[in-house]
Amino acid sequence: MRQTHLFTKTRREAPKDEVSKNAQLLIRAGFVHKEMAGVYSYLQLGKRVLEKIEAIVRDEMDKIGGQEIRMATLHPSEPWKQTGAWDNVDVVFKIQSRTEKEYTVGQSEEEIVTPIAKEYISSYKDLPLVVYQIGQKYRDELRAKSGIMRGREFTMKDMYSFHDTQEDFDRFYALAKDAYLRVYDRIGLVAKATEASGGSFTKKLSYEFMVLTDAGEDDILYCDTCSYCVNVEVAESKENETCTRCNSGTLSRAKASEVGNIFDLGQKYTKDFDLTYQDANGEKKYPIMGCFGIGITRLMGVAVEKFADDKGLVWPESIAPFRVHLVELSSDNEEVKKEAAELYRELTEAGIEVLWDDRDARAGEKFADSDLFGIPLRIVVSEKTLAAGKFECVERASGHTSHKSISELIGHLTT
RNA sequence: CGGGGUGUCGUAUAUCGGUAGUACGCUUGCUUUGGGAGCAAGAUGGCCCAGUUCGAUUCUGGGCACCCCGACCA
């Protein structure tokens, strides 16, 4: 994409009322636009990042047997009243129509998915069933904060599973946990599977996936030796104590951001909606349900918080809006322009996503913007590189600079 | 929801009870061109509603919005 065609511009300063690093940088770089407290629009660059994250999540969920669907976001109030959430969950938005009919907007979708599943599940042969969606969620938070990391509207992947036995649930739960860890790993984040409370409808523990960052809202204890990690809200141990799992490591306390969670919902919802199946003996039973969430927009925020530096955003390659930022310093030099156009064409034909800074602007401004965008590889085309016969390549994250010919570049980027 | 703070061109800021200024951005022209250029000419602003006052962006009250701390958070 040509940068002269790119919708949005960078700005030198962040709005003074944005304090969080993610909001400041994403707004300065033109990735997002704030609509109101806790609600952001995602512009071209931001949307590209979200789509990259979604693609990774989709891939991993499909691999463990998830089927993607898209549920309504405007919900009737009845199922929410049926489960008690209408009166007991205070983050549920309540909307009234002009005829005084009541609705809500989805903040989680058990109330929608369970009645849907009820229409199609009648036999143990229909189980297990795993469906998921990626979509907008709405929560009536009293206080939105931390930029895109805790909003009233956000994007979440929510997956729901239905099982005939606890064993089958446990089997899938373990699969899902591994899939989750792969998602974070592919984004370059280290997430700890953290024991936490199961929420208001179950006494069982759940796993929250926590990325260590001071921008997070949760406090966790983690072992420096094994993988044990626990949310302090349910922890029975304390900081500096010996880990109770491996009996050798020491527990440390840290701030973390929750980027996913997986719950055993038991039969809460299948009973609420009287969803039953017949087992092999013809007996009616309630399936066991699981709920598995990943915060897509929050993951984007956490990636900003973890990787950005004093010059701007830094995206891991797997979720970067573009792979290459092609910066031409043409100074009205037609040869340079031609060379940049040719390189753009070749890279694009090789399947590499390129943002081409074809603006008539000075080098300083172009480099500053390039740093701010955080695209992994910058390739400079100028009179200098033309004379040298090789392009200047700078890795955004490391600052490592090299000089490559077109064929070397394409070889490097396509292997 | 409790407490605190802030509302001035698109953004960041200054000043002032009496013509609202600066920087960046934007428009036009010329020059410049490897780390946010220079000159010249432009366009764009007082959150809303009351009150006080000859006169309010400024003072007072109310509202709204946003931010921070806390509480809350399937």
Side-chain angles (χ1 to χ4, degrees), chain A residues 8-20 23-24 27-28 30 33-39 80 83-86 88-92 104 106-111 113 137-147 149-152 154 156 158 160 196-208 216-218 231 233 257-258 260-266 268-269 272 289-293 295 298 311-312 327-333 336-337 357 359-372 378 380-388 391-392 394 399 401:
Chain A
T8 73
K9 285 175 191 164
T10 60
R11 59 176 61 165
R12 222 181 266 243
E13 284 165 299
K16 66 170 183 295
D17 57 4
E18 289 287 2
V19 172
S20 70
Q24 287 193 345
I27 289 171
R28 280 189 53 211
H33 177 262
K34 183 184 205 155
E35 299 301 338
M36 56 178 157
V39 180
W80 290 84
T83 60
W86 184 266
N88 298 325
V89 179
D90 48 17
V91 297
V92 173
T104 184
Q107 51 93 33
S108 184
E109 309 243 349
E110 287 84 351
E111 278 77 2
V113 76
K137 295 287 175 290
Y138 303 86
R139 294 192 183 175
D140 189 4
E141 298 276 2
L142 287 177
R143 184 184 162 205
K145 57 187 278 196
S146 308
M149 292 176 65
R150 175 152 150 172
R152 299 195 167 95
F154 55 96
M156 187 167 92
D158 45 326
Y160 306 90
S197 100
S200 47
F201 288 114
T202 172
K203 290 189 184 103
K204 293 178 183 170
L205 287 180
S206 70
Y207 276 111
E208 291 175 342
E217 300 180 47
D218 291 279
N231 194 311
E233 69 188 10
S257 180
E258 180 189 344
N261 56 33
I262 57 183
F263 289 99
D264 179 348
L265 295 174
K268 153 74 185 161
Y269 291 94
D272 279 347
M289 259 180 90
C291 164
F292 310 77
R298 183 178 281 180
K311 289 181 182 169
V327 176
E328 68 167 49
L329 304 178
S330 61
S331 20
D332 292 328
N333 182 320
V336 171
K337 286 187 177 173
D357 188 351
R359 296 176 302 166
D360 179 21
R362 296 167 65 86
E365 185 180 351
K366 290 193 165 199
F367 288 146
D369 281 348
S370 181
D371 289 337
L372 183 58
R378 177 200 301 166
V380 181
V381 183
S382 67
E383 290 180 352
K384 245 198 251 183
T385 68
L386 214 57
F391 302 106
E392 177 183 297
V394 186
T401 304

Can we say D369(A) and K9(A) salt-bridge, meaning some charged N sits less than 4.0 Å from an Asp/Glu carboxylate O?
no
Point to revise | Nearest-angstrom distance, C1' atom, U44(B) to U27(B) | key: 11 Å
K16(A) has its side chain closest, among C67(B), A12(B), C73(B), to A12(B)
Those residues at least two apart in sequence (or on a different chain) that pass ring-ring contact (aromatic ring centres under 6.0 Å, His included) with F292(A) are F172(A)
Between C66(B) and U53(B), how far apart are the P atoms? Round to whole Å, please. 35 Å
Expressed in whole Å, how much space separates the P atoms belonging to A65(B) and C49(B)?
-> 16 Å
task = Using the C1' atom as the reference point in each nucleotide, state the distance between G46(B) and G10(B) in Å, no decimals.
result = 16 Å
Show each protein N/O and nucleotides 69-71 of chain B N/O combination with a separation under 3.5 Å, one pair to a line.
from   : atom 1 : to      : atom 2 : distance (Å)
C69(B) : OP2    : R143(A) : NH2    : 2.3
G70(B) : N7     : R143(A) : NH1    : 3.4

Whole-Å distance, D17(A) CG to G7(B) P, equals 12 Å
Heavy atoms only, 4.0 Å cut-off, all strands: where does E110(A) land among base, sugar-phosphate and nothing? base
Q) Which value, in whole Å, describes the distance between the P atoms of nucleotides U52(B) and A56(B)? A) 11 Å
Looking only at atom P, what distance separates G62(B) and G2(B), rounded to whole Å?
15 Å
With B for base contact, S for sugar-phosphate-only contact and - for none (protein heavy atoms under 4.0 Å), nucleotides 23-38 of chain B reads -S-S-----BBBBBB-
